[in-house]
Amino acid sequence: MLLTYYGDLGWWPGHSYEIMIGAILVQNTAWSNVERSLENFAEDLTPQLVEKLTIEELITRIYPSGFYHAKAACIKNLTVWYKQYGYSVQTVQTQPLSKIRDELLAIRGIGAETADAILLYVFYFPTFVIDAYIKRFAERLPVPAARDYKTLQAYFSDNLEQDAILFGKYHILILEHGKKHCKKKPRCEGCPFMNECDFPKRQKSS
DNA sequence: CGCCAGGGCCATA
DNA sequence: TATGGCCATGGC
């Protein structure tokens, strides 16, 4: 199985606020470009700093990630939202998952995937993130015919223990695995887990 | 040169 | 609801 093959690949890198920003910057963008952007903050990527920066200054920093007009505005709005909770992870965690998810989705530039990534990797809500690698991975699994976001998310979520740490580590595993073996072209060439349904733990049906 | 990368928005039918 | 154009950079 993936876990024994790769070992524990950990979590999304960075502290909580960096993770939010990274989740926005990585939209349809290579992670290497995101790293270039993050380096422009030199150990000082805090909501207090972003609060002070103008949109133009923010664009200058995130420039290498592309789509900078939309992403800069999105980061600003996300930061305004986060201020309501005192920039506190713990405070957000006291709120219902669905409420936070709706609030994130209401921010322009944050769709289902980015919202779920923030919910999981920043606030540790048990939300399964569906990204391009998960979709590609799912093409080989006996998932329902419908491959839309909600259906895929329900499929993975329903077949795993409802545990945020597990969701996160499993997602990272598939992601890193995909980067290694399952590039778009040629699709999944050399993948050692072809046609293998590889859930580390199944939820008991009730 | 073109394709691709851990999307999302909007217009159109 | 489901496509398609658009946004933009850097690696290859």
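Letters A, B, ... mirror the listed sequences (proteins, then strands); counts begin at 1. All values below come from the heavy atoms of this structure, side chains included, with hydrogens, waters and symmetry mates left out.
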Between A:Asn28 and A:Asp148, whichever has its closest DNA chain C nucleotide further toward 5' is A:Asp148
Sorted by position of nearest nucleotide on DNA chain B, 5' first, the leading residue of A:Gly109 and A:Lys179 is A:Lys179
>> Tell me whether the side-chain N/O atoms of A:His69 come closer than 4.0 Å to OP1 or OP2 in C:dA8.
In response: yes
Query raised in the report: With a 4.0 Å cut-off on heavy atoms, is A:Ile110 in touch with a base, just the backbone sugar-phosphate, or nothing at all?
Result: sugar-phosphate
note: A:Lys71, atom NZ; B:dG7, atom C1'; distance rounded to Å ~ 8 Å
Here the distance between atom C1' of C:dG10 and atom CG of A:Asn40, to the nearest Å, is 14 Å
Expressed in whole Å, how much space separates the P atoms belonging to B:dG8 and C:dG10?
22 Å
Do the side-chain N or O atoms of A:Arg136 get closer than 4.0 angstrom to the phosphate oxygens (OP1, OP2) of B:dA5? yes
Check your understanding: Aromatic rings A:Tyr17 and A:Tyr82: how do their planes relate, parallel, tilted or perpendicular, breaks at 30° and 60°?
Key -> parallel
Tell me whether A:Glu51 is salt-bridged to A:Lys83, with the criterion being a basic N under 4.0 Å from an acidic carboxylate O. yes
Any strand, both distances under 3.5 Å, Watson-Crick or G-U wobble: B:dC9 pairs with C:dG5
Between CD1 of A:Ile62 and P of C:dG10 the distance, given in whole Å, is 13 Å
In this structure, NE2 of A:His177 is separated from CD1 of A:Ile172 (nearest 0.5 Å) by 14.5 Å
Taking C:dT9, C:dG11, C:dC7 as options, the one with an atom nearest any side-chain atom of A:Arg36 is C:dG11
One should read off an interatomic distance between A:Asn33 CG and A:Tyr63 OH, to the nearest 0.5 angstrom, of 11.0 Å
- C:dC7 phosphate, OP1 or OP2, under 4.0 Å from A:Tyr68 side-chain N/O: no
Considering only heavy side-chain atoms of A:Thr29, the closest of C:dA8, C:dG10, B:dG8 is C:dA8
Out of C:dG11, C:dT9, C:dA8, minimum distance to the side chain of A:Asn33 belongs to C:dT9
Exercise for the section: Between C:dG4 and B:dC3, how far apart are the P atoms? Round to whole Å, please. Expected result: 16 Å
Here the distance between atom C1' of B:dG7 and atom NZ of A:Lys135, to the nearest Å, is 8 Å
In whole angstroms, the gap separating C1' of B:dG7 from CG of A:Leu105 amounts to 13 Å
Value for NE2 (A:His69) from SG (A:Cys74), rounded to nearest 0.5 Å, stands at 14.5 Å
Atom CD1 of A:Ile75 and atom P of B:dG8 are separated, to the nearest Å, by 14 Å
Between CZ of A:Phe67 and P of B:dA5 the distance, given in whole Å, is 12 Å
Looking only at B:dA5, C:dT9, B:dG7, the nucleotide nearest the A:Ala30 side chain is B:dA5
Flag the pair A:Glu103 and A:Lys99 as a salt bridge only when some basic side-chain nitrogen lies within less than 4.0 angstrom of an acidic carboxylate oxygen. yes
Quick note, A:Arg108 side chain, CB onward, closest among C:dC7, C:dG10, B:dC10 is B:dC10
Query - Under 4.0 angstrom between A:Ser32 side-chain N/O and B:dA5 OP1 or OP2 - result: no
As its Watson-Crick or G-U partner within any shown strand, both distances under 3.5 Å, C:dG11 has B:dC3
Here the distance between atom C1' of B:dA5 and atom CD of A:Glu176, to the nearest Å, is 13 Å
Quick one: label A:Ala112 by what it contacts on the DNA or RNA (base, sugar-phosphate, nothing), any heavy atom closer than 4.0 Å.
sugar-phosphate
